[in-house]
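Report on one structure; see the data block that follows.
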Amino acid sequence: MRLDYVSIFPDFFTPLELSLPGKAADKGLLAFGVHDLRQWTHDRHRTVDDTPYGGGAGMVMKPEPWGEAFDELLTPATTVVFTTPSGEPFDQRLAEELATREHLVFACGRYEGIDQRVIDHARGVAEVREVSLGDYVLNGGEVAALAITEAVVRLLPGFMGNAASLVEESHAEGGLLEYPVYTKPPAWRGHEVPAVLRSGDHGKVAAWRHEQAVRRTAERRPDLLAPSVLDDGTPIVRATPGDAGELLTLQRACWVQEALANDMLDIPALHESLDDVRAWLGEWDTWVVRRAGRLVGAVRGRLEGEHTWDIGRIMVAPDLQGSGLGRVLLEHIQAVAPAGVTSYVLFTGAASARNQQMYKRAGFRLRRDLASPPGAVVLTKRR
Ligand code: ADE
């Protein structure tokens, strides 16, 4: 694999020679090139930025130096990685994908970003990925390029000494975080190594590690446990403001059934307007499922206090009721609850037998001791 870096701070990349990527270069697995963008400027001040069209704060990187850099570095076999906070999130899957490429060129922006035409132009010449390290803003893309490099390069065949450690680590298998690890001595400053790890029973060790991995993941990254796709691969995705109209239609269809089952019309979900739906979309973490373009399922959740996750508006299109979609949506909304959540709460019609049955099967219990709106019952579950 060949890796090129274009930046106005080429010194950022000296760690490449020191660290594991440097060793891979020594072994001939990798070749690096670090390039100062200013070498492709032609004015006395070696200018790489200018004021933004349309006004606004900050400076934008000019297209011309980037164009000349790309003329020299890009081929049809290149993947250009623009590091930017507005890119797709970097994760282990993307590292695995990038590790299959022959040639990566990291384009490290500074200031308010790079003139959009540079990205559009690169797309005409090579594969382009705009990649973000996370939901925060760095001063430039160099640190992100180094982090991506380290995650990608260690996946190259022949790079890691022990291939098993690649398979066992966090995010690589089953989407779980790694279990806690211990080494000698068996007791240290009053802390003991868990006895099971010293039992010599490999089956028990494996079961303990799996349980710890699941527990950690549930506590720290519940989103990783969420069933984010249905059995047929249909994704469950976050609702957008544009979903409000279809949500209102689906909601009315579902709550007319509720009104009939409970013999009452005084149900808030039945009376909401489009503006009401738009408003709650801004306040709740709402997820939807589309089949062949049609919105067929939804669910929402939000924090009530610090530790309770309020679940509601589980809706399934009439023709898909009974298909298991409601159960999956319920599992999903529990799994995406923030880490500090210790219990779930939801309401349903006192006479909605089918709903209550589904909630009970999912581990919810009827709570007659808690207040509920007229005609409704409240159910809770501990996380
Ligand atoms: N440049 C500035 N912030 C960044 C981020 N979060 N990820 C990638 N590149 C960046």
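Quick note: residue numbers are just sequence positions, from 1. Order of appearance sets the numbers: ligands from 1, and atoms from 1 within every ligand. Atoms considered below: every heavy atom in the structure, side chains included; atoms not considered: hydrogens, waters and symmetry mates.
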Among all residues two or more places apart in sequence or in another chain, which pass the side chain to side chain donor-acceptor pair (under 3.5 Å) test with [X]?
| X | value |
| --- | --- |
| Thr14 | none |
| Glu306 | none |
| Arg327 | Glu331 |

Problem - Which atom of Gly301 lies closest to which atom of Trp284, heavy atoms considered - result: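 So the minimum-distance heavy-atom pair works out to C-CE3, 3.4 Å.
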Show me a pair-per-line table, with atom names and distances to 0.1 Å, of protein N or O atoms that are under 3.5 Å from an N or O of ligand 1.
unit_1   : atom_1 : unit_2 : atom_2 : d
ligand 1 : 3 (N)  : Leu138 : N      : 2.9
ligand 1 : 6 (N)  : Gly134 : O      : 3.2
ligand 1 : 6 (N)  : Tyr136 : O      : 2.7
ligand 1 : 7 (N)  : Leu133 : N      : 2.8
ligand 1 : 9 (N)  : Thr84  : N      : 3.2

Practice task
Answer yes if Tyr359 and Met315 sit in the same cluster of Ile, Leu, Val, Met, Phe, Trp and Tyr residues linked by side chain heavy atoms under 4.5 Å apart, and no otherwise.
Solution key: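 Result: no, two separate clusters.
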Practice task
Would you please classify the geometry between the Trp208 ring and the Tyr182 ring as parallel, tilted or perpendicular, with 30° and 60° separating the classes?
Solution key: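 Tilted.
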